[in-house]
Amino acid sequence: MAPQHFLVVVFPGQGHINPARALAERLVRAMPGAHVTLSAAVSAHRLMFPSLESPDEEVHDGAISYIPYSDGYDRGFRLFAGDGDDARRYSEAFARVGRETFSAVLDRLAARSQPVTCVVYAMLMWWAAEVARERGLPRALYWNQPATMLAVYYHYLHGYERIVMEHAAEPGFTVAMPSLPPMAIRDLPSFFTNLTDGRLVSSFDNIRRTFQQLDLDAAISSGGRKPTVLVNTVEALELGALASVPELDMFPVGPAVLSLFADGTRSGVGAVVGDLFEHDEKGYIEWLDTKLARSVVYVSFGSMSAASKRQKEEMKRGLAASGKFYLWVVRKDSRDDNDDDKDDERSIVVEWCDQVQVLSHPAVGCFITHCGWNSTLESVACGVPVVGVPQWSDQDTNARLVIEWGIGARATIDADRFLEAKELTRCVEMVMGDTYEGVAIRSSSIAWKAKVQEAINDGGSSEHNLTTFQYQFANDA
Ligand code: UDP
C-alpha cells in the first residue's frame with residue numbers, strides 16, 4: 001500500500017484546533033507509516049508555536065507536520081470584538097486568501113514528493129473541499145460537533161427550513177426530523193432564530209457552504225460512494241442521529257480529546273504544541289489537590305463566549321450562595337476594568353487552564369459550561385456532571401443532549417441569556433446534592449464515562465470506525 005498522507009485543514013479557533021490535533025494523533029497511530037499534516041491559519045499556528053522565527057514557519061514532529069495557510073488575518077480575528085460588517089469582511093478574506101494559500105500548501109507538498117492522499121476538511125472549511133475536488137483529491141469532512149447537530153443542519157437545509165422559519169418566534173414549538181427526537185425551537189442552533197446579527201449570519205453562511213460541498217460530492221459520486229464524514233462523537237451516545245442521514249457515510253470516531261491518546265512516546269504533540277491562550281501559572285492543580293473529592297465547581301465558557309461584568313457578578317453571588325469551592329476561568333480578553341476577581345478562601349480565578357486535566361481531577365464535581373461541544377464531550381469522557389448555560393451556535397442543542405443523557409442540568413436563562421444567581425445556585429445544588437436527582441445524574445455520568453472509554457479501547461467502536469475509514473481511503477488511493 002502506498003504511504004498515506006492525510007492533510008487535516010482546520011479553522012483557527014481553539015474549539016476546532018483541539019479536536020483536529022487529537023484526530024491527527026490518532027490517524028498516525030492507527031495506520032503504521034501514515035503521515036498527517038495539520039494546517040491551521042497562521043493566526044493560530046503562531047500561537048501554537050510561539051518560539052518560531054517567522055509566524056508561518058513549518059513545524060515537523062515525526063509523523064505529524066504543521067504547515068499553515070493564511071486567512072488574511074495573520075494577527076487573528078475575534079468574531080465578538082466587532083460587528084456584522086467585520087464578520088463579512090473576515091469571511092470574504094477567509095475564503096479568498098484561504099483558498100489561495102491552501103492551494104500553495106498542496107503544491108509545496110506535491111513538489112517535495114509528499115503528495116496528499118486525502119484532504120480532511122474540518123467544518124467551516126468548505127473552500128478546502130472545493131480545492132480538493134478541483135484537484136481530484138479524495139476528501140472527507142471532519143464534523144467537530146455532535147451527530148445530532150450534523151443531522152439537524154442537514155434536514156434544515158433539505159426541506160425543514162420553512163417550518164423552522166415559520167415558527168422561529170415560538171421557543172416551545174417542536175419540529176420532528178427523521179430519526180431524531182422532536183426538537184423544540186429553543187433546542188436548535190441560534191443561527192435559525194437570530195437572523196439579524198451579522199456575525200451569526202456570516203458564521204452560518206460558512207456552515208451552509210460546508211453542507212453544499214457534501215451535496216456536490218453526493219451528486220458527482222460514482223459507484224454509489226456517499227460523502228464521508230468523520231464525526232467527533234461516540235456511537236453509543238448518538239445512535240439515532242447517526243442513522244438520521246442515510247445520504248452520508250458517517251464515522252463516529254470521538255471523543256477527540258488529545259490527552260486520552262497522547263502517551264508521551266513522541267516528542268511532539270502535547271509537548272511542543274501549545275494552546276491559543278497562555279496557561280495561567282497559578283497553581284490551580286495544587287489548589288484542587290487540597291480539596292475533597294467532588295467538592296469543587298469548575299466554571300468556564302470556552303474560548304469565544306464572554307460573560308458581561310453584570311453576569312459575572314451575578315454568577316459570583318450564585319456560587320457564593322452554593323457554599324461550594326470553585327475554580328473559574330475568566331480569559332484575559334474577557335476581563336472588565338475593576339473586575340472583582342481576587343481569589344479567596346473558597347475560590348481561584350485563572351485566565352486559562354488545562355481543562356481536561358481539571359475535569360480529570362477527583363476534586364471536581366460539577367462543570368458550569370456554555371456547552372461548547374468539546375467541553376460537553378470532555379465532561380462526558382471525564383464523568384463530570386454538567387450545569388449547561390448555552391450561549392449561541394450549537395450550544396442549545398448540546399445542552400439538550402446533556403439532559404437526554406441524564407448527566408446534568410440546563411439552567412433557565414432569559415431571552416438575553418442572562419443567568420440569575422438563584423438559578424445558578426439551584427442547579428449546582430441539584431447536580432452536587434444528595435437528592436434523588438443528584439444521585440441519578442452522578443450515576444449516569446459515571447456510566448457514560450465507562451461507555452466512552454470502551455469506545456476508544458482496542459476493538460471499541462471509535463477505534464474500529466477510524467481504522468475502517470483510514471483503510472477505505474488507502475484502498476482507493
Ligand atoms: N479550554 C482549555 N482551557 C480553558 C478553557 C477551555 O483548555 O481554560 C479548552 C477546552 O478543553 C475545549 C476548548 O478549549 O477543548 C473549548 O472548546 P469548546 O468547543 O468547548 O468551546 P468554544 O471555545 O469553541 O466555544
Side-chain angles (χ1 to χ4, degrees), residues 10-23 25 40 44 47-48 76-80 122-124 142-146 149 189-191 199-200 203 206-207 231-233 254-262 269-270 273-282 284-285 288 297-307 326-335 341 348-361 364 367-382 384 386-399 401-402 408 417:
V10 63
F11 188 80
Q14 190 74 61
H16 298 253
I17 304 269
N18 286 2
R21 287 174 61 194
L23 180 69
E25 181 70 22
L47 295 171
M48 289 159 73
F77 172 73
R78 284 174 50 212
L79 183 65
F80 293 123
M123 64 179 293
L124 309 180
Y142 183 30
W143 183 257
N144 44 36
Q145 289 182 351
M149 201 68 268
S190 55
F191 302 132
R199 301 170 299 185
L200 269 59
S203 304
N206 285 317
I207 293 176
V231 188
N232 180 19
T233 191
V257 177
L258 186 65
S259 55
L260 295 181
F261 302 100
V269 180
V273 186
D275 280 347
L276 308 187
F277 297 85
E278 238 172 88
H279 279 247
D280 202 306
E281 295 294 324
K282 266 187 208 168
Y284 54 88
I285 295 294
L288 287 174
V297 178
Y298 169 58
V299 191
S300 166
F301 278 11
S303 63
M304 292 183 75
S305 298
Y326 60 91
L327 163 58
W328 190 347
V329 179
V330 183
R331 297 188 320 273
K332 209 181 214 164
D333 62 308
S334 67
R335 298 212 166 192
D341 57 4
I348 177 165
V349 181
V350 298
E351 289 180 357
W352 188 257
C353 69
D354 181 333
Q355 178 162 301
V356 177
Q357 199 185 1
V358 166
L359 291 173
S360 309
H361 196 287
V364 174
F367 180 11
I368 300 179
T369 170
H370 68 314
C371 287
W373 181 238
N374 294 288
S375 295
T376 307
L377 205 52
E378 287 159 5
S379 318
V380 182
C382 297
V384 176
V386 161
V387 171
V389 191
Q391 303 291 302
W392 74 299
S393 184
D394 58 332
Q395 294 158 14
D396 293 292
T397 313
N398 302 342
L401 288 171
V402 163
R417 308 244 168 201

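We count residues from 1, following the sequence as given. One-based numbering, in listed order, for ligands and for the atoms of each.
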Supply the atom-to-atom distance N144 CG to I17 CD1, rounded to the nearest 0.5 angstrom. 10.5 Å
Between the CG atom in L288 and the CD atom in Q357, the distance rounded to the nearest 0.5 Å is 9.0 Å
I need the atoms of ligand 1 closer than 4.0 Å to a non-hydrogen atom of [X], numbered in the order shown.
{"X": "G302", "value": "23 (O)"}
{"X": "W373", "value": "19 (O)"}
{"X": "V329", "value": "8 (O)"}
{"X": "Q14", "value": "14 (O)"}
{"X": "S300", "value": "5 (C)"}

Backbone, side chain, both or neither: what part of [X] comes under 4.0 angstrom of ligand 1, heavy atoms only?
{"X": "C353", "answer": "both"}
{"X": "N18", "answer": "side chain"}
{"X": "H16", "answer": "neither"}

With distance as the sole test, does Y284 use its side chain to make a donor-acceptor pair with the main-chain N or O of D354 at under 3.5 Å? yes
Of the non-hydrogen atoms in W352 and E278, which two are nearest, and what is the gap between them? CB-O, 3.3 Å
D394 side chain to W373 side chain, donor-acceptor N/O pair below 3.5 angstrom: no
Which protein heavy atom lies closest to atom 25 (O) of ligand 1, and at what distance to 0.1 Å? H370 NE2, 3.0 Å
